[in-house]
Each structure stands twice: as structure tokens, then as C-alpha cells.
Chemist: 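This structure is in C-alpha cells; I'll ask about it shortly.
Per chain, numbering begins at 1; letters A, B, ... match sequence-line order. Please read these numbers as outputs of a predicted model, since none were measured by experiment.
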2 protein chains.
Amino acid sequence: MPLPSQLLLQASLFRGLPEQDRQAVLAQARVRDFAAGQFIVHQDELVGELLLATRGRVRLYQLTPDGHQVILHIAGPGEAIVLLPALTGEQSSVSAQAVEATSALAWDEADFRALMRRFPGLGFNAIAILGEHIRLYQDRIRELTTERVERRLARTLLRLAKQLGVRTAQGVLIDLPLSRQHLAEMSGTTLYSASRILRAWEEHGIVSSGRERVTIRSPHKLVAIAEDLQR
Amino acid sequence: MPLPSQLLLQASLFRGLPEQDRQAVLAQARVRDFAAGQFIVHQDELVGELLLATRGRVRLYQLTPDGHQVILHIAGPGEAIVLLPALTGEQSSVSAQAVEATSALAWDEADFRALMRRFPGLGFNAIAILGEHIRLYQDRIRELTTERVERRLARTLLRLAKQLGVRTAQGVLIDLPLSRQHLAEMSGTTLYSASRILRAWEEHGIVSSGRERVTIRSPHKLVAIAEDLQR
DNA sequence: CGTTCTTTTGAGACAGCTCAATTTACGTGG
DNA sequence: CCACGTAAATTGAGCTGTCTCAAAAGAACG
């Protein structure tokens, strides 16, 4: 099996590890594949393994009792799909569903913990990843309590563009099937408000969006909206 | 200096550490004291040390460009005041201000990292703590996007009661100077809405609140509001 | 070329915010 | 211990951003 080593060199989890150690860690991983739309873990379930995406995209979300979805993150190649439950042995706080055909490396919880004892760098990297998540979440909490919908939506698009953006002739395409509903669930609003705002932006030449696709034509203007540089 | 060892046995950071190791870690700590109201760290500043509260209460918050505060957490004895920046070497994502006279143990960033290499249990505990924060933040994001103010306020009070609640004759007192403004900043609303809701709850015998004080008379009813058990 | 899912758009409702004006509680100093 | 000043809390009134619900139009796919 040819490992996608270029990508895994960049994976935050392995950053700074000596090549030899990295190989030792990779040697213990299994490969798992998920079809588009397949559920990978369910909220409040025990998982028992650490999953690191190598291909595809995974939607991480929480479900409320009355059926609302809140999307917390879209994980792409090089990112962990399930990390915390494997590190702490607790159940998952989120559900994960593959958006596209996805592959991942999998380590058994116990195995990975043993690896962390052997290679302390792994532990530091895990902490750094959790730290990034914490910062992102803190930012979102601040945005949700102090900013209005339009700005939050702008931030969501900018975050997505940074993470999954692809340069095209028209601008930056967010390379992911992304409905208005999904955008709403990432921004803390409703599908209707998201649709109206995107329409308005389309009129102003800021974005160009179709069915489950968004291209940012003018990242600059979007930043202006997100950061309130206009008035 | 007599260490408050009972408390430090419970501190999540030292959980499960052999007594001997714990002593070795504690031996490298300095004690720092902060007056009520004193600023401990500022957002976006480098910190350079890990701070573990042993006494008092610390408000952790973010400030928005237009001056709004968003309170992310109130840290009490046994909890870390500054953790992530020391672990990753990055600047702090939050500001910290002592609510009361506060004491803390302090380790230099580099020293603590060395201790983590020596005692891997420290690293696992750090991960567990970060994990708890992540779960709390995820919950808040979900609440902010799907629940209305009254319920969020109920949850805020319940969280505070769980963490800092003191049983009294009238109910559970939240042992902390806590204005309507602060409650609003923890719940994602305004001081006015918080005030109105508390008044209504007072009328229904759910809480009894005075100036910067809240006592929960009927935790049961508050849970009913938070969890929507009523209708 | 009908079926299904996504998106758009309209109209109305309302939760919660804003702003202003009091009232209440506390601490301090005379 | 009282009077005063200050900060917190309450309350009213009006406004509006955003949600809700309904309906129709557009896009994809067998």
C-alpha cells in the first residue's frame, strides 16, 4: 500500500517527528474507507480508535434534541476525524459523516496511547491540535454572541476558503458540496437567511453561487464585511 | 510555605500522578498573588508561564473590537488560569482578570514542558483538560445557535452552580460577585434581557437574586427550563 | 419529462435589542 | 449613623433583524 506520505508529512499530528519515528507510528495504522454520505461516528458513542483523514471531507456536527444540526467543523486530508475520544477514552461529543468518499488511517486507542508514551512529540502535537480547535471555538462563541448573521456568514465562507479553497478563473472556489442549509448550520442561522444574503452578495459581485457550490469572486469585499471595514 | 495539598490532589492537572512525582512538579512552582480586579494576562499577549489557581476566582474572557466582553469561563481553585499558551508557546487567546483576591502556582513554560517529558501523565492530564474545554465550548456553540435567551441563561446559572455553588438554607448560592452584565456576557445576551428574566424567575420562586448575587431556590425548575421539560 | 431536492422570494410575526429614565443597593466619609 | 455619591438593577416603549411558514421556481438525475 503506497502511503500518501507527502500529505502525512504535513499532518499536524506528525509535525516535527523524526522520519524514523513517523514510520514507526504509521506502521501501526490500518486504512479505513468510507463512502460519500456514510456515518463514521455518532455523538455520545464510544469510538475506540483515532482516525486521521487522508482523502475526502468529513462533516463534524452535533445534533440537538429537536433535530437541528450544528456543524462544528469540516475535516479534510491531514486532519483528525476523531481525536479526543481516542486520547481520553471518552465518548465522542460529535457525529461525523463523510461528505465525499473518504479514506483515513486508524489506530486503536490503546496502541496510540502507547505510541504517545514512546514518542512524546506526538503528545505535544495532539495538544497543539486541540489548542487550535479551542481557539476556533472561542472565536465562534464570540462571533455568535456579538455579530450579526451577515458577518458570521462571511467569516464562515472565509474560513472554508482558507481551508478548502481552490483558485479558479472566477475566484476562490470552495471545493465541497455545500448547500445553503449547511452554510446556515455553520454560521448559526437559517437556510432562508443564508440564501437571501448570498443572493445579495451575488448582486454585488462578491460571490457567485450555484447549487451546493460557492465561489468567492472578491475575497477582499468579503473580508471587509467580516471585519466591518466598510463604514 | 504550606502548600494547599488537599486541593492540589484534586487538581485535574495532577490527577493520577504518583505522590512523589507530584511533589517534584510542585517543587518547581512559584507562588503568585493577584488582587481583586487585577489583570493577569491580556488577549494576544505572550505569557511564558503556566498558572494554576489555588485560591480565588478568575474571569476568562475575550474582548471584541467594539468593546463587548464575552466571558468564556470562570476559573476557580484547582483550575488552570493560563494553560494553552504555556503548552504551545503561542499567545493567549483570552484575557484573564481576578474577580477576587487570587493565588496561583506558576511554572515557566520551558520548565513545565520539561516536566511533561519527565512525567507523561502530566501531558495526558493536560489533554484531558483541553478536552473538557472543547466539550464545553462545543455545547455553548450549539446552545447559542439553537436556543433562546431564557434557556441559555438557565444553563449558565446551572453551570455556575455546579462549579461554584454553595448550599445554603435558601438554596444554592453562586459564590461569586456576579452582575446582570456578567451573566449576560456569559449567556450571549444583554444586561436588560438578563435582568428581566431573573425578575420573572424571582416571581416564580426559582431564584432569589440581589446585587451581584444569585441564589437558586429551585434547581429543579431551572433544569426544567434549561432542558425544556415543561411543555 | 416527471420526480426530487435545492434555492429563491414574499409576507408576517416576534424575540430580543436599544435607549432612556427611574429606582434600589451599597460604600464612604463626614 | 446618616447623607451622599456611585454603580447595579429595574422597567417602559419602540424598533428591527431574523425567524417562520408558505409557495413557487430552478437544477439535477434517472
Chemist: CZ of B/Arg199 versus P of C/dT22: gap in Å, rounded?
Modeler: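 Roughly 20 Å, once rounded to whole Å.
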Chemist: Does the pair A/Thr156 and A/Ser187 meet the rule for a side chain to side chain donor-acceptor pair (under 3.5 Å), with working shown?
Modeler: CA-CA 6 Å; A/Thr156 298; A/Ser187 310; 2.8 Å; yes
Chemist: Nearest whole angstrom, please: distance from the P of C/dT8 to the CD of A/Glu212.
Modeler: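 Computing the A/Glu212:CD to C/dT8:P distance gives 12 Å.
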Chemist: Do B/Gln138 and A/Ser93 get their side chains close enough for a donor-acceptor pair, meaning under 3.5 Å?
Modeler: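 Side chains of B/Gln138 and A/Ser93: pair found under 3.5 Å.
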Chemist: Check whether the side chain of B/Arg196 and the base of C/dT18 form a donor-acceptor pair under 3.5 Å.
Modeler: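 Looking at the base of C/dT18, it does pair with a donor or acceptor on the side chain of B/Arg196 (distance under 3.5 Å).
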Chemist: Of the listed nucleotides (C/dT7, D/dA22, D/dT10), which one gets closest to any side-chain atom of B/Tyr192?
Modeler: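 Nearest to the side chain of B/Tyr192 among the choices is D/dT10.
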Chemist: Are any of the side-chain nitrogens in B/Glu132 or B/Arg15 under 4.0 Å away from the carboxylate oxygens of its partner?
Modeler: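 No, this pair does not count.
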Chemist: For nucleotides 16-18 of chain D, give me every protein contact, N/O to N/O, under 3.5 Å, one pair per line with atom names.
Modeler:
unit_1, atom_1, unit_2, atom_2, d
D/dT18, OP1, A/Val149, N, 2.9

Chemist: Does the side chain of B/Arg180 get closer than 4.0 angstrom to OP1 or OP2 of D/dT10 through an N or O atom?
Modeler: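 True: B/Arg180 side-chain N/O within range (under 4.0 Å) of D/dT10 OP1/OP2.
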Chemist: Give A/Ser179 one of three labels, base, sugar-phosphate or nothing, depending on what nucleic acid heavy atoms sit under 4.0 Å from its own.
Modeler: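 Counting heavy atoms under 4.0 Å across all strands, the contact made by A/Ser179 is with sugar-phosphate only.
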Chemist: Is the side chain of A/Arg155 donor-acceptor paired with the backbone N or O of A/Ala226 at a distance under 3.5 Å, no angle test?
Modeler: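 Side chain of A/Arg155 to backbone of A/Ala226, a donor-acceptor pair under 3.5 Å: yes, one is there.
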Chemist: Using side-chain hydrogen bond (donor to acceptor under 3.5 Å, both in side chains) as the criterion, point out the one residue from A/Arg59, A/His133, A/Glu79 that pairs with A/His73.
Modeler: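 By the side-chain hydrogen bond (donor to acceptor under 3.5 Å, both in side chains) criterion, A/His73 pairs with just one of A/Arg59, A/His133, A/Glu79: A/Glu79.
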Chemist: Rounded off to whole Å, could you give me the CG-to-P distance for the B/Leu153 and C/dA15 pair?
Modeler: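 Between P of C/dA15 and CG of B/Leu153: 17 Å.
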Chemist: Using 30° and 60° as the class limits, which term best fits the ring planes of A/Phe14 and A/Trp107: parallel, tilted or perpendicular?
Modeler: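 Rings of A/Phe14 and A/Trp107: perpendicular, over 60°.
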Chemist: Rounded to whole angstroms, how far apart are CG on B/Leu198 and C1' on D/dA8?
Modeler: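 Spelled out: CG on B/Leu198 to C1' on D/dA8 is 13 Å.
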Chemist: How many whole angstroms separate atom NE2 of B/His182 from atom P of D/dA8?
Modeler: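 Roughly 8 Å, once rounded to whole Å.
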Chemist: Would you kindly give the CZ-to-C1' distance between A/Arg213 and C/dT7, to the nearest whole Å?
Modeler: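 Checked: the CZ to C1' distance equals 16 Å.
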Chemist: Nearest 0.5 Å, please: how far is CD1 in A/Ile81 from CG in A/Leu60?
Modeler: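 The distance works out to 7.5 Å.
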Chemist: With a cut-off of less than 4.0 Å, is there a side-chain N or O of A/Arg211 near OP1 or OP2 of D/dA28?
Modeler: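 Negative; the distance criterion is not met.
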Chemist: What is the distance, rounded to the nearest whole Å, between atom CG of B/Leu191 and atom P of D/dA8?
Modeler: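 Result: 10 Å.
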Chemist: Tell me: CD of B/Gln181 to C1' of C/dT18, nearest whole Å?
Modeler: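 After rounding, the gap between these two atoms is 14 Å.
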